[in-house]
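Here the structure is laid out as C-alpha coordinates; the discussion comes afterwards.
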Amino acid sequence: MGKNYNGTQINQSVSIVEKAGMDIDDARNRVMKYDEDGNVVPAEAGTDIPLGVAIIETGYNDISGGNSGKVKKGEDIDIQIKDIGYAIAGADIKKGQEVTAGTGGTVSPATGGNYVLGIALCNAGKGAYCRIQIVKYQKAAASGGTSTD
(Lines give C-alpha, C1' and ligand atoms only; values in the text may rest on other atoms or scores of the structure.)
Protein backbone atom coordinates (compact mmCIF):
# COMPACT_ATOMS: atom_id res chain seq x y z
CA MET A 1 0.00 0.00 0.00
CA GLY A 2 1.38 3.41 -0.95
CA LYS A 3 1.57 6.43 1.29
CA ASN A 4 -1.27 8.92 1.32
CA TYR A 5 -0.34 12.59 1.64
CA ASN A 6 -3.83 14.04 1.16
CA GLY A 7 -4.26 17.09 3.38
CA THR A 8 -0.57 17.32 4.29
CA GLN A 9 0.81 19.18 1.28
CA ILE A 10 0.94 22.62 2.93
CA ASN A 11 2.18 23.13 6.47
CA GLN A 12 1.36 26.61 7.75
CA SER A 13 3.52 26.31 10.88
CA VAL A 14 5.90 29.18 11.57
CA SER A 15 8.10 26.98 13.74
CA ILE A 16 9.63 23.51 13.79
CA VAL A 17 11.27 21.40 16.49
CA GLU A 18 14.73 19.92 15.98
CA LYS A 19 17.29 18.17 18.20
CA ALA A 20 20.33 20.07 19.49
CA GLY A 21 23.60 18.81 18.03
CA MET A 22 25.59 20.10 21.01
CA ASP A 23 25.20 21.58 24.49
CA ILE A 24 24.24 25.27 24.15
CA ASP A 25 24.48 27.65 27.12
CA ASP A 26 21.68 29.92 25.85
CA ALA A 27 19.90 29.08 22.59
CA ARG A 28 17.21 31.77 22.89
CA ASN A 29 16.95 34.09 19.87
CA ARG A 30 20.03 32.55 18.24
CA VAL A 31 20.37 31.74 14.55
CA MET A 32 20.45 27.97 14.02
CA LYS A 33 21.76 25.78 11.19
CA TYR A 34 21.86 22.05 10.53
CA ASP A 35 25.05 20.19 11.40
CA GLU A 36 26.41 17.22 9.44
CA ASP A 37 24.16 14.85 11.45
CA GLY A 38 20.95 16.78 10.73
CA ASN A 39 20.76 18.28 14.23
CA VAL A 40 20.86 22.02 14.93
CA VAL A 41 23.70 24.14 16.24
CA PRO A 42 24.26 27.91 16.33
CA ALA A 43 25.21 29.39 12.96
CA GLU A 44 28.50 31.27 13.33
CA ALA A 45 29.12 33.05 10.01
CA GLY A 46 27.50 34.39 6.87
CA THR A 47 28.73 31.31 5.01
CA ASP A 48 26.48 29.10 7.17
CA ILE A 49 23.06 28.35 5.68
CA PRO A 50 20.56 29.58 8.30
CA LEU A 51 17.57 27.45 9.23
CA GLY A 52 15.89 30.06 11.42
CA VAL A 53 15.95 31.55 14.91
CA ALA A 54 15.43 29.64 18.17
CA ILE A 55 12.38 31.13 19.90
CA ILE A 56 12.72 32.85 23.27
CA GLU A 57 10.87 30.03 25.07
CA THR A 58 13.35 27.38 23.91
CA GLY A 59 15.51 25.51 26.36
CA TYR A 60 15.45 25.41 30.14
CA ASN A 61 13.14 27.96 31.77
CA ASP A 62 14.83 29.15 34.96
CA ILE A 63 12.93 31.82 36.89
CA SER A 64 16.23 33.13 38.30
CA GLY A 65 17.58 33.55 34.77
CA GLY A 66 20.84 31.78 35.57
CA ASN A 67 20.23 28.81 33.27
CA SER A 68 17.47 30.12 31.01
CA GLY A 69 17.76 28.96 27.43
CA LYS A 70 20.22 26.18 28.27
CA VAL A 71 19.90 23.15 25.99
CA LYS A 72 21.77 19.84 26.20
CA LYS A 73 22.76 17.80 23.16
CA GLY A 74 19.74 15.79 21.95
CA GLU A 75 17.12 18.04 23.57
CA ASP A 76 14.46 19.85 21.56
CA ILE A 77 14.95 23.36 20.19
CA ASP A 78 11.94 25.29 18.85
CA ILE A 79 12.98 27.25 15.74
CA GLN A 80 11.08 29.98 13.93
CA ILE A 81 11.66 29.44 10.21
CA LYS A 82 9.53 32.20 8.65
CA ASP A 83 7.67 35.46 9.26
CA ILE A 84 8.70 38.11 11.83
CA GLY A 85 10.67 37.42 15.01
CA TYR A 86 13.61 38.50 17.14
CA ALA A 87 17.30 37.64 17.10
CA ILE A 88 20.25 38.90 19.14
CA ALA A 89 22.40 41.46 17.31
CA GLY A 90 26.11 40.63 17.17
CA ALA A 91 26.95 44.06 15.72
CA ASP A 92 25.20 47.39 15.16
CA ILE A 93 22.34 46.90 12.69
CA LYS A 94 20.31 49.51 10.85
CA LYS A 95 16.66 49.18 9.93
CA GLY A 96 16.34 47.78 6.40
CA GLN A 97 19.72 46.00 6.35
CA GLU A 98 20.04 42.40 5.26
CA VAL A 99 21.25 40.30 8.19
CA THR A 100 23.20 37.05 8.34
CA ALA A 101 24.56 34.74 11.01
CA GLY A 102 27.40 36.01 13.17
CA THR A 103 29.45 34.79 16.10
CA GLY A 104 27.51 32.71 18.62
CA GLY A 105 24.35 32.58 16.53
CA THR A 106 23.83 36.34 16.58
CA VAL A 107 22.84 38.41 13.53
CA SER A 108 25.13 40.85 11.74
CA PRO A 109 24.88 42.89 8.54
CA ALA A 110 25.23 40.67 5.45
CA THR A 111 27.91 41.22 2.83
CA GLY A 112 28.32 39.87 -0.71
CA GLY A 113 28.14 36.08 -0.91
CA ASN A 114 26.59 35.67 2.58
CA TYR A 115 23.45 33.66 3.22
CA VAL A 116 20.85 36.19 4.31
CA LEU A 117 18.53 35.24 7.16
CA GLY A 118 16.30 38.29 6.79
CA ILE A 119 15.75 42.02 6.81
CA ALA A 120 16.12 44.14 9.96
CA LEU A 121 12.87 45.88 10.90
CA CYS A 122 14.53 48.11 13.52
CA ASN A 123 17.86 49.61 14.53
CA ALA A 124 19.71 47.49 17.08
CA GLY A 125 23.02 47.82 18.89
CA LYS A 126 25.31 44.90 19.62
CA GLY A 127 23.69 42.60 22.18
CA ALA A 128 20.18 44.03 21.69
CA TYR A 129 17.13 42.29 20.29
CA CYS A 130 16.71 42.91 16.56
CA ARG A 131 13.28 42.46 15.00
CA ILE A 132 13.67 40.73 11.65
CA GLN A 133 11.54 39.49 8.80
CA ILE A 134 12.88 36.05 7.91
CA VAL A 135 13.44 35.85 4.13
CA LYS A 136 16.26 33.42 3.39
CA TYR A 137 18.43 33.69 0.27
CA GLN A 138 22.07 34.09 -0.74
CA LYS A 139 23.25 37.66 -1.36
CA ALA A 140 24.98 38.16 -4.69
CA ALA A 141 28.76 38.40 -4.56
CA ALA A 142 30.32 41.76 -5.35
CA SER A 143 30.83 42.36 -9.07
CA GLY A 144 34.14 41.13 -10.41
CA GLY A 145 33.79 37.97 -8.32
CA THR A 146 34.34 34.50 -9.66
CA SER A 147 31.48 32.78 -11.43
CA THR A 148 30.51 29.26 -10.39
CA ASP A 149 28.86 28.43 -13.72
Hey, does L117 have a side-chain heavy atom less than 4.5 Å from the side chain of I134? yes
Please check this pair: side chain of Q138 against backbone of G113, looking for a donor-acceptor N/O pair closer than 3.5 Å. yes
Are any side-chain N or O atoms of Q133 and backbone N or O atoms of I119, one a donor and one an acceptor, separated by less than 3.5 Å? no
Side-chain contact test, heavy atoms from C-beta onward, threshold under 4.5 Å: evaluate it for T100 versus T47 and give yes or no. no
Is a side-chain N or O of D26 found less than 3.5 angstrom from the main chain of R28, in a donor-acceptor match? yes
Determine whether a donor-acceptor pair (N or O, by modelled atom type, separation under 3.5 Å) exists between the side chain of D35 and the backbone of D37. yes
Tell me the closest heavy-atom pair linking V107 and C130, and the distance in Å. CG2-CB, 4.4 Å
Taking C-beta and beyond as the side chain, do N29 and Y129 meet within less than 4.5 Å on heavy atoms? yes
What heavy-atom pair brings G125 and D92 nearest, and what distance separates the two atoms? CA-OD1, 3.3 Å
Student check: side-chain heavy atoms of I93 and K126 closer than 4.5 Å: no
Go through the side-chain N and O atoms of Q80 and Y86 and say whether any donor and acceptor fall under 3.5 Å apart. no
I88 side, atom CD1; S108 side, atom OG - distance, nearest 0.5 Å: 12.0 Å
Are any side-chain N or O atoms of D23 and backbone N or O atoms of K73, one a donor and one an acceptor, separated by less than 3.5 Å? yes
Give a yes or no on whether the backbone of A110 and the side-chain of N114 come within a donor-acceptor separation of less than 3.5 Å. no
Just verifying a value: how many Å separate S15 OG and I81 CD1, rounded to the nearest 0.5 Å? 7.5 Å
A side-chain contact here means heavy atoms from C-beta on lying under 4.5 Å apart; do L121 and I84 qualify? yes
Does any non-hydrogen side-chain atom of P42 lie less than 4.5 Å from one of M32? yes
Test side chain to side chain contact (heavy atoms under 4.5 Å, CB included) applied to V53 and R30, step by step: CA-CA 5 Å; V53 179; R30 303 294 175 162; 6.0 Å; no
Which heavy atom of V71 sits nearest a heavy atom of A20, and at what distance? CG1-CB, 3.6 Å
Donor-acceptor contact below 3.5 Å, side chain N67 vs main chain K70: no
Any ion pair linking K19 and D76 (charged N to carboxylate O, less than 4.0 Å)? yes
Between A91 and P109, what is the shortest heavy-atom contact and its length? CB-CD, 4.1 Å
A27 and T58 have their tightest heavy-atom pair at CB-CG2, 3.9 Å
For the side chain of T106 and the backbone of T103, is there at least one donor-acceptor N/O pair under 3.5 Å apart? yes
Does any part of the side chain of V40, heavy atoms only, come nearer than 4.5 Å to the side chain of K33, both counted from C-beta? no
Would you say the side chain of E57 lies within less than 4.5 Å of the side chain of N61, judging by non-hydrogen atoms? no
What's the verdict on side chain to side chain contact (heavy atoms under 4.5 Å, CB included) for Y137 and E98, showing C-alpha distance, side-chain angles and the deciding distance? CA-CA 10 Å; Y137 56 92; E98 296 166 306; 2.4 Å; yes
Identified side chain to side chain contact (heavy atoms under 4.5 Å, CB included) counterpart of L51 within the set V31, I16, I77: I16
Atom OH of Y60 and atom CD of E75: how far apart are they, to the nearest 0.5 Å? 11.0 Å
Do the side-chain N and O atoms of E18 and Y34 include a donor-acceptor pair separated by under 3.5 angstrom? yes
